[in-house]
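Keep in mind that the numbers below use all heavy atoms, side chains included, and drop hydrogens, waters and symmetry copies. We name chains A, B, ... by the order of the sequence lines, and we start the count at 1 in each one.
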Amino acid sequence: IFKWLYDDGLIYRAERLVNWSPDLRSVLSDAEVIHEDVEGELVSMRYGSLDDSQPHIVVATTRVETMLGDTAVAVHPDDARYAELVGTEIELPLTGRMIPIIADAHVDPEFGTGAVKVTPAHDPNDFEIGKRANLPMLTIMDETGLIQGTGTAFDGLDRFEARVAVREALREQGRIVAEKRPYLHSVGHSERSKEPIEPRLSLQWFVKVGPLAQAAGDAVRDGTVQISPPEMARRYFDWTDNMHDWCISRQLWWGHRIPVWYSPDGSQSVCLGPDEQPPDGWVQDPDVLDTWFSSALWPFATLGWPEQTADLAKFYPTTVLLTGYDILFFWVIRMMMFGMYAMDGNPSGAEPFHTIALHGMVRDKFGKKMSKSRGNGVDPLVWMDEYGSDAVRFTFARGANPGADLPVGEEIVAGSRNFCTKLWNATRFAMLNGASTDGDLPTELVGADAWIISRLNSVIAQVDALYEDFEFAKIADLLYHFAWDEVCDWYLELAKVSLADPDTAGTTRRALGEVLDGLLRLLHPFIPFVTEALWTELTGGESIVIAPWPTPDPARLDPAAEQAIEALQAVVLDLRRFRSDQGVKPSQRIPVRFTGLAGNEREIRTLLRLDEPTEQFAATASLTTAAGVRIELDLSTAVDFAAERVRLNREYAVAQKELEQTQSKLGNENLLAKAPEQVVAKLRERNAAARADIDRIAAALDALPD
RNA sequence: GGGCGCUUAGCUCAGCGGAAGAGCACUCGGUUUACACCCGAGCGGUCGCUGGUUCGAUCCCAGCAGCGCCCACCA
């Protein structure tokens with residue numbers, strides 16, 4: 001691809017000002033430079049004569065040492081103060097060199113003295129000015145950051161030592177007219193080695209990104225490639241629309257080498273493809289390619305490109321690229337540019353993927369960025385040792401809201417571990433009780449079996465919909481609650497009842513197998529190892545990895561069964577709360593009589609350890625559920641009426657508030673006129689329910705002895 | 001200097017026009033034959049502030065105040 005780009009004029013070699021890392025002794029791309037505010041100094045110094053009557057000019061800089069490489073002083077063309085000086089020459093202190101005073105529109109007359117020293121070889125702005133004015137470009141530093149070649153006493157000094165030394169030398173001459181310290185300003189640092197980068201003039205290889213970036217941007221603009229979440233597209237365009245040419249050569253010892261050879265005398269060069277041989281005696285360019293150049297080849301090089309392989313045909317373009325938003329510029333855009341170019345040999349070939357889904361960055365449990373200086377980084381391997389790799393993976397899934405960062409903490413991982421354990425225990429228990437996936441699930445299910453199978457199919461459909469939007473956190477949450485709250489807390493408890501009955505045990509074993517089979521497959525992407533172990537044992541299948549993804553069966557949805565279980569839950573919840581309020585131990589068996597129960601009495605009695613009323617039954621307490629079920633209890637101990645009164649009053653207040661709220665809304669004619677019918681209907685329903693609640697609770701309060 | 005985003009229970013986060021939610025933490029109870037990495041019952045929020053739009057605003061709009069991120073060549 002290098003050769004293609006080269007032959008198309010999209011790769012060229014040029015002497016440019018580049019980001020140089022003296023530590024790495026290599027060039028860096030713009031993307032590898034991070035700007036940070038640092039406390040430096042702003043020193044104003046006087047060039048030219050020290051005699052006020054003679055020509056002189058004051059310039060300011062944060063990098064005094066670069067004055068050794070100055071080749072001009074620039075002022076704004078319209079600046080009257082310096083109009084006379086423009087075109088003249090002035091002496092550069094310490095060097096004795098004469099440098100011109102030039103006019104350049106880049107200079108801001110409002111800043112400082114309105115005069116700028118120009119160091120074309122060591123500052124990007126100055127480089128541009130220098131090009132415009134045809135100034136000499138004097139390199140005064142070697143590749144390790146030492147001052148070199150100035151012919152002054154400062155040669156050999158480190159750039160930071162020189163900054164001080166030059167400043168003091170100027171001070172001795174009385175040329176320092178002002179100093180501002182600390183002076184907060186932004187300085188580019190190497191992302192990897194952290195030291196300040198040095199703009200440096202050198203001969204490097206560049207990719208001319210204009211046409212490539214344009215095509216990559218258009219692919220997203222015209223909807224061929226979608227970015228999720230869509231807000232992130234703006235950042236993508238920021239980049240594609242403003243990308244500078246990309247410096248791709250690196251002076252490192254590892255990486256793909258630049259496929260260019262030079263003749264022995266250096267006068268000729270040739271770019272060769274993989275199968276071509278250089279002439280005898282020619283030597284290859286010692287530089288290697290930027291790692292992102294190589295990484296950009298990933299979507300097609302891994303599939304056998306440039307051969308037209310079956311893999312390439314099948315998997316290129318792929319559907320979704322899932323990655324972190326921090327890598328959008330580094331990797332994603334470059335894959336787009338090279339992928340499109342590689343396919344057709346022109347910038348607008350086939351895109352490597354159709355959807356770019358971006359997730360956030362992992363942060364610490366307080367939502368802070370992990371960093372060495374903060375010391376809040378974590379080693380996932382340590383967590384994996386302690387809590388299991390499934391727990392760590394599930395934690396990341398639980399936190400993965402699209403485009404948002406995800407905080408992780410040990411407590412959350414522990415919670416995920418608990419969930420894995422719960423899943424393990426529940427499935428083991430079910431298998432111990434004969435849970436099975438053998439044979440067809442009976443079409444006619446009843447009771448809890450019908451309910452949980454209905455719920456399973458509804459959950460499958462919800463999960464599928466959430467996957468469409470890359471809502472991993474919501475999928476994890478949905479499955480967490482379905483598994484824990486519904487399957488474990490309710491269904492397994494209810495199944496115990498029907499498993500104890502030979503008439504229903506067989507069907508329930510099959511239903512149990514069905515729901516666990518589905519649940520494990522749904523959870524497998526998030527909890528791979530535990531689900532694999534459980535599933536293969538439950539089903540006897542080869543591997544859950546190759547098991548088909550569950551599909552929702554609308555015929556299994558059973559609103560009546562769901563309603564029946566909800567009614568059961570309401571009764572159980574009411575009784576549990578009553579018992580807890582009354583301080584009655586869960587283990588204590590109580591004789592209870594129900595009136596108006598629609599069904600599931602056996603299940604309710606088992607769940608709550610309630611006895612049938614005997615002949616001596618004498619109700620000492622009673623309550624009525626919102627659904628109108630009357631429950632009479634024969635408590636052996638005295639009833640704590642005060643506690644019951646407190647509870648009823650609390651409920652009364654809630655119902656009262658609900659009544660007032662709905663009443664006032666329903667009394668609003670504007671609302672009745674403008675609100676959608678469903679909203680009004682719902683308000684009426686709530687209003688009626690609140691009214692019924694109040695009556696019921698008031699009656700219960702009245703019935704309490706004083 | 002531009003742009004984007006965030007501000008909801010003690011903590012971390014969902015919800016984004018018609019009844020305030022989850023996990024963790026906290027309180028109380030528990031030798032219920034899967035699980036104490038558990039079970040059951042609770043407590044906890046004028047949804048950053050000020051205006052506006054609307055019959056109705058945590059949700060939409062404007063301003064303000066704090067955070068955070070990205071981009072940018074102010075010597």
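Across all strands, A:A404 comes closer than 4.0 Å only to sugar-phosphate atoms, never to a base (heavy-atom distances).
Residue pairs that meet the ring-ring contact (aromatic ring centres under 6.0 Å, His included) test with at least one member in residues 397-426 of chain A, sequence neighbours left out, are A:F394-A:F419, A:F419-A:Y480.
Scored by the side chain to side chain contact (heavy atoms under 4.5 Å, CB included) test, A:N687 finds A:L659, A:T662, A:Q663, A:L666, A:R691 as partners (sequence neighbours excluded). Partners of A:Y491 by side-chain hydrogen bond (donor to acceptor under 3.5 Å, both in side chains), not counting sequence neighbours, listed by chain and number: A:D449. With sequence neighbours left out, A:A115 forms a side chain to side chain contact (heavy atoms under 4.5 Å, CB included) with A:I57, A:V59, A:V73, A:V75, A:Y82, A:T113. For A:A643, the side chain to side chain contact (heavy atoms under 4.5 Å, CB included) criterion is met by A:Q582, A:D640, not counting sequence neighbours. Every side chain to side chain contact (heavy atoms under 4.5 Å, CB included) that A:D326 has, sequence neighbours left out, goes to A:M361.
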Point to revise | Derivation of the salt bridge (charged side-chain N to carboxylate O under 4.0 Å, His left out) call for A:E660 and A:K657 | key: CA-CA 5 Å; A:E660 282 164 16; A:K657 190 181 165 196; over 6 Å; no

Point to revise | Nucleotide-resolved protein contact map, nucleotides 15-26 of chain B, B/S/- at heavy-atom distance under 4.0 Å | key: S--BB--SS---

**Study point:** Contact letters for nucleotides 57-62 of chain B, in which S counts primed atoms plus P, OP1 and OP2 and B counts the base, heavy atoms under 4.0 Å
**Key:** ------

For nucleotides 33-35 of chain B, print each protein N/O atom paired with a nucleotide N/O atom at under 3.5 Å, atom names and distance only.
from: B:A34; atom 1: OP1; to: A:K496; atom 2: NZ; distance (Å): 3.1
from: B:A34; atom 1: N6; to: A:C488; atom 2: O; distance (Å): 3.3
from: B:A34; atom 1: N6; to: A:E493; atom 2: OE2; distance (Å): 3.4
from: B:A34; atom 1: N3; to: A:A426; atom 2: N; distance (Å): 3.4
from: B:C35; atom 1: O4'; to: A:N425; atom 2: ND2; distance (Å): 3.4
from: B:C35; atom 1: O2'; to: A:N425; atom 2: ND2; distance (Å): 3.0
from: B:C35; atom 1: O2; to: A:K422; atom 2: NZ; distance (Å): 2.9
from: B:C35; atom 1: N3; to: A:K422; atom 2: NZ; distance (Å): 2.9

Dump the pairs, protein N or O against N or O of nucleotides 69-75 of chain B, anything under 3.5 Å, distances to one decimal.
from: B:C69; atom 1: O2'; to: A:R235; atom 2: NH2; distance (Å): 3.4
from: B:C73; atom 1: O2'; to: A:N125; atom 2: ND2; distance (Å): 2.6
from: B:C73; atom 1: N1; to: A:N125; atom 2: OD1; distance (Å): 3.1
from: B:C73; atom 1: O2; to: A:N125; atom 2: OD1; distance (Å): 2.1
from: B:C73; atom 1: O2; to: A:N125; atom 2: ND2; distance (Å): 3.2
from: B:A75; atom 1: O2'; to: A:A60; atom 2: O; distance (Å): 2.6
from: B:A75; atom 1: N6; to: A:D108; atom 2: O; distance (Å): 2.7
from: B:A75; atom 1: N6; to: A:F111; atom 2: O; distance (Å): 3.0
from: B:A75; atom 1: N1; to: A:D108; atom 2: N; distance (Å): 3.3

Anything under 3.5 Å between a protein N or O and an N or O of nucleotides 5-7 of chain B, put it in a table, one pair a line.
none

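Panel note: side chain A:N401, backbone A:A404; no donor-acceptor pair is recorded below 3.5 Å.
Listed by residue number, there are no residues of residues 388-397 of chain A with a heavy-atom contact under 4.0 Å to RNA chain B.
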